[in-house]
Amino acid sequence: MAGTSGPDLRWILLLPPLCFTVCFAEVVVSVPEVVEAELWKNVLIPCTHMITEGPADYSVQWFIADKNGERRRIAYRDEFSTSIDRNTEYTERVSVDQDFSLRITGVEVTDERVFYCQVMAGEAGNGEGMTNLKVYAPPELQEVKKNAGTLSVTESSASEIGTCVGKNGNPAPTITWYKNGKVLPATTERNDDIYLVSRTVKEASGLHSVSSTLYLRPTKQDKDSKFYCRLQYLMPQGKTESVDSEKFSLKLHYYTENVNFELLSPLLIKEGDNVTLRCQADGYPPPTYDFYKVTDNTNEEIESNLEGLLVLEHVTKESSGTYQCQTLDFDSPPEILLTKNVDIFVNYLEPLILEPSKEVRVPLEGDLEMSCSGHGSKPMELKWKKGEKLLSSSSTLSLKSLTYHSAGPYTCEASVPEVPGLHRSQSVHVIVQGKPKIEEKPYKRHVSTEGEKVTLTCLVFGHPNPEIFWSVPEVQHSMNHSGNVIISTVTVEVTQKLIQSGVSCSASNSHGTTQHSFHLSIVPSTAAPSLSPAVNQQQGGSSTAVIAVIVCVVVLLLLVGLFYFLQKKGKLHCGKSEKKSLTHKEANTNEIVDEMKTDKQHEHRGLLASGGGGHSGDQC
Ligand SMILES: *[C@@H]1O[C@H](CO)[C@@H](O)[C@H](O)[C@H]1NC(C)=O
Ligand SMILES: *[C@@H]1O[C@H](CO)[C@@H](O)[C@H](O)[C@H]1NC(C)=O
């Protein structure tokens, strides 16, 4: 306080502020009226001065007013040194800048007070200014404590809805309640409809906490209402900031007034569908739902264990009709029973009628007419198919000159264009009857050595199922019925004998017998090119021999007839003539005599068998 005189100080304190700056004072001090600071931040309170009469030694003192209103110095500075007063609440937190500004670090809420800046200029006198430090602390919004219970719309007074708390703010924040985005009128007077109970607490720290509890009498419309509170607070430079709580809704208890019963899916119903109907009542908690199928005499109850849902599984034509949902709300003042009906229609197709039905037998090369008809809830389209192949896009199918390959199942398919997915089909089995028909499978005609094995296959068609015989004792034999074909396979060892006799398969059923022959030959692979013409020639020779033998046999028979005739008439000898003829033939053939002999015997037997005659020429 060096250099300060009593009268000067008194003068300054008594002077109004206006005079203080413009009148006769020789030391003019100016400080801002208000300085704003945020909690825990640092702040600088400026203090500028003007000395009107010449330069002088000067110094500054900073004061605060304590709880009792008494001034206490906290810091001093002159040209040469700074001193911070001991044992004040600012001892650790202030400093004075060269320009006399007071610097406070870590602003606390209790720093919100008046600070005095006194400038002393020796002979020139003293000057002083005072400033208000304002401290701003944003409050924190706590989670809304909402009423977790079920509220009834039938209550006669307002119920507690929720409490909103904003903690530790400065200045004290405010709370506003909103419903569906609109401010709720904030009366604090108790009444039956809506009011608020608010409280502001000053915490030990000096910060303020506010709470606001909303009381309201809910209506049924509030079942979807969204409530929230908004905490508003001031920040430096006149800014207002706010933070909103989470939105919440109420658990309301209200009774059913309306029932809605509707078909969920599918809208276009067909047989086999699962149909879902939903019943919804606007009461809470939901009422009980009962489902019925409405019939002429009495309603038939349908069990449903799903809340409000009725699922009809795999509906049929019979499922069409009227369904009813009944709701019974036990909570409503007079128990109310509400009902709603829904009609459903199930599209259907009756089983198709085929003519002929199931199975039909047709002679080989015969014709067949088939027709298909059906009945359903909507117009249908018919078509005939065999397997995947479309044969006719109408209700009839004409088949001409049937072969064995035509046998098998034919299907009539019905579909309803208006109802996707609704279709039916029915098949008829066509059996082609007739004499067996044999198809061969490619086989190895020329083998290179004797003893080689060859596999031969006959594909036999026919109905009734033919019996199959092979002309050889087979090595391996397998039969396979697949569809209307019998696959008969043999594996033979090629021998000279087999080459001469050939191999044949024959098939017979009640309609007749069919035979098929396979021809084999040996072509040694090493000498194949040079030998093949010879072999061909040999084959050619052997067929010539066969023709020769046939001619001879015919001639022989004629001769036998002639001799017989002559014997009756003129006693000629028969054995002599035959011997002569055979000798003649032997002379005509060369090196393939043996082969010719076997051939002759074979053909002979065949001819006689087909002719149905006796045994051999030597008999006569
Ligand atoms: C109908 O429901 C049953 C049982 O839930 C299910 O197995 C079946 O696949 C459903 N049928 C259709 C056409 O959705
Ligand atoms: C016999 O028929 C079956 C099917 O019916 C087929 O898988 C098999 O290949 C056939 N066997 C022969 C030798 O054709």
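Just so you know, ligand 1 is whichever comes first in the structure, and atom 1 is the first atom listed for that ligand.
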Cation-pi check, Lys317 onto Tyr348 ring (under 6.0 Å, within 45° of axis): yes

Could you pull out all residues at least two apart from Glu355 that satisfy side chain to side chain contact (heavy atoms under 4.5 Å, CB included)? Ser371

Residue that, paired with Ser211, satisfies side chain to side chain contact (heavy atoms under 4.5 Å, CB included) out of Val197, Val165, Val201, Thr200: Val165

Is it the case that more than 12 heavy atoms not belonging to Glu203 sit under 6.0 Å from its CD atom? yes

Hey, what polar pairs (N/O, under 3.5 Å) does ligand 1 make with protein?
residue, atom, partner, partner atom, Å
ligand 1, 2 (O), Asn274, ND2, 2.3
ligand 1, 5 (O), Glu313, OE2, 3.4
ligand 1, 11 (N), Asn274, ND2, 2.9
ligand 1, 14 (O), Asn274, ND2, 3.3

With His423, which residues qualify under ring-ring contact (aromatic ring centres under 6.0 Å, His included), at least two apart? none

Residues which pass side chain to side chain donor-acceptor pair (under 3.5 Å) with Lys435, listed by chain and number, not counting sequence neighbours: none

